[in-house]
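In what follows, a structure is listed as structure tokens, so that the remarks can point back to it.
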Amino acid sequence: MTSRRRRTRTTVQSTIITLAVALGVWALFSSGVLASDTDATTSGPSSTGTEPTIATTTRSTAPGPTTSAPTASPTGTSRPSSPASGDTGSTEAAAAARSMLATLVVKGKAPATGYDRETDFGTAWLDVDHNGCDTRNDVLARDLTDIVRQGPCKVMSGNLVSPYTGSEVAFVRGNTTSTLVQIDHVVALENAWRTGAQRLTQDEREALANDPENLFAVDGYSNSQKRSSDAATWLPAAKGFRCEYVEHQIAVKAEYRLWVVPAERDAMERVLSSC
């Protein structure tokens, strides 16, 4: 009887101890001291192959390099450089012009005997590109801003910044106003005649007289002042445009197989040396 009581007491004590341990473990889990296996399984790929959100939020990633946005200019616009400013574009153009100048024949001018603008170079102005508009209106439309036309070709008005002076000129077509804006031949036609154009065909001379490369819309005063001068005796008042002016002269002379006189070549070299 005594032995049976002892076994009962032992069983009760064991049950109490087991319950106490279980309650203690449960309390530890509830307080977060012990971690369950659930976090370990959710941090890896799920059975569908999609990574759970918890893994994405707990993964650490090393920062990569950052790229700075370009800094805007103070004005918000890019300003074109002067031809004499030494920028890459103008330097390369000047170098090309110097190389081309070196290929031109150098000798004295031929006499101007027999020179006649319309007979030798055609009526001003022709439509050599067959676009339906004569060359003068083509150049006005190219070089002026805010142009107003009558029909598809005829430029009635517009605004010009003369490349030879930098001054603004308002163009209004009319008997007393049209001459304020004139079309200048960069290589003057008489100069061309005296430096090789006499040997060209009529078609070639007409092409030279209407070649856009050889034409600028300019203020009338500069055009009247220049007349048939070459680079040795006349250059644009706007010094920043002299490089482009001489580059055009050289390109035209090379295209139409014209020559330069010694003083003209020297003047061109001086201009290009500062570009």
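Just so you know, residue 1 is the first one in the sequence shown, and it goes up from there.
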All heavy atoms of Asp230 vs all of Ala232, minimum pair found to be OD1-N, 2.9 Å
For residues 158-174, run the donor-acceptor check on the side chains, cut-off 3.5 Å, and write out each pair with its distance to 0.1 Å, sequence neighbours left out.
{"residue": "Asn159", "atom": "ND2", "partner": "Asp146", "partner atom": "OD2", "Å": "3.3"}
{"residue": "Ser162", "atom": "OG", "partner": "Tyr164", "partner atom": "N", "Å": "3.4"}
{"residue": "Ser162", "atom": "OG", "partner": "Asp219", "partner atom": "N", "Å": "3.2"}
{"residue": "Ser162", "atom": "OG", "partner": "Asp219", "partner atom": "OD1", "Å": "2.6"}
{"residue": "Tyr164", "atom": "OH", "partner": "Asp184", "partner atom": "OD2", "Å": "2.5"}
{"residue": "Thr165", "atom": "OG1", "partner": "Ser167", "partner atom": "N", "Å": "3.1"}
{"residue": "Thr165", "atom": "OG1", "partner": "Ser167", "partner atom": "OG", "Å": "2.6"}
{"residue": "Arg173", "atom": "NE", "partner": "Val155", "partner atom": "O", "Å": "2.8"}
{"residue": "Arg173", "atom": "NH2", "partner": "Asn137", "partner atom": "OD1", "Å": "2.9"}
{"residue": "Arg173", "atom": "NH2", "partner": "Val155", "partner atom": "O", "Å": "2.9"}

- Audit row: Ser228, Trp234, side chain to side chain contact (heavy atoms under 4.5 Å, CB included) steps and yes/no: CA-CA 9 Å; Ser228 296; Trp234 189 91; over 6 Å; no
Notebook entry, point to check: Are side-chain heavy atoms of Leu272 and Glu247 found at a separation under 4.5 Å?
Noted result: yes
Is there a side-chain contact between Asp138 and Asn131 (heavy atoms, below 4.5 Å)? yes
Rounding to 0.5 Å, atoms CD1 (Ile250) and CG (Leu104) come to a distance of 7.0 Å
CG (Leu215) and CG (Asn210) are apart, to the nearest 0.5 Å, by 7.0 Å
- Query: Just wondering, more than 12 heavy atoms not from Arg142 lying within 6.0 Å of its CZ?
  - Reply: yes
Q. Given the rule that I, L, V, M, F, W and Y join up when any side-chain heavy atoms are under 4.5 Å apart, are Val187 and Trp193 in one cluster?
A. yes
Would you say Arg136's side chain and Ile183's backbone share a donor-acceptor pair under 3.5 angstrom?
-> no
Between Gln198 and Ala110 the two heavy atoms that sit nearest each other are NE2-CB, 3.9 Å
*Report yes or no: is the cationic atom of Arg117 (NZ for Lys, CZ for Arg) closer than 6.0 Å to the six-membered ring centre of Trp125, at no more than 45° off its axis?*
yes
request  = For Thr119 and Asp116, indicate whether the former's side chain and the latter's backbone hold a donor-acceptor pair under 3.5 Å.
outcome  = no
Tightest non-hydrogen contact, residues Ala217 and Val181, listed as CB-CG1, 4.3 Å
>> Determine whether His185 and Phe216 satisfy the following criterion, ring pair (Phe, Tyr, Trp, His ring centres under 6.0 Å), listing intermediate values before the conclusion.
In response: CA-CA 7 Å; His185 288 92; Phe216 290 126; over 10 Å; no
In this structure, NZ of Lys154 is separated from SG of Cys133 (nearest 0.5 Å) by 12.5 Å
Between the CD atom in Glu204 and the CD atom in Gln202, the distance rounded to the nearest 0.5 Å is 10.5 Å
Whether Glu206 side chain and Asp203 backbone form a donor-acceptor pair below 3.5 Å: no
Short question: side chain of Glu213, backbone of His248 - any donor-acceptor pair under 3.5 Å? no
Phe121 meets the ring pair (Phe, Tyr, Trp, His ring centres under 6.0 Å) criterion, sequence neighbours left out, with none
- Got a donor-acceptor contact below 3.5 angstrom from the Thr233 side chain to the Ser229 backbone? no
- Task: Side-chain contact test, heavy atoms from C-beta onward, threshold under 4.5 Å: evaluate it for Trp259 versus Val106 and give yes or no.
- Result: no
Considering only heavy atoms from C-beta outward, does the side chain of Arg265 approach that of Met268 to under 4.5 Å? no
### Lys253-Asn191 side chain donor-acceptor pair, cut-off 3.5 Å
yes
* Distance-only donor-acceptor check, side chains Asp211 and Tyr256, under 3.5 Å -> yes
d(Glu190 CD, Thr195 OG1) to nearest 0.5 Å is 10.5 Å
- request: Say whether, by atom type as modelled, one donor and one acceptor occur between the side chain of Arg257 and the main chain of Gly196 under 3.5 angstrom.
  value: no
Taking the side chain as every heavy atom from C-beta outward, state whether Leu140 and Ile147 have any atom pair closer than 4.5 Å.
no
With the 4.5 Å side-chain cut-off for hydrophobic clustering, are Val139 and Val252 part of the same group? no
Does atom OH (Tyr115) have a neighbourhood of more than 12 heavy atoms from anything else shown, all under 6.0 Å?
yes
Of all heavy-atom pairs linking Cys153 and Gly132, the shortest is SG-O, 3.3 Å
Separation between CE (Met100) and CD (Glu255), nearest 0.5 Å, reads 9.0 Å
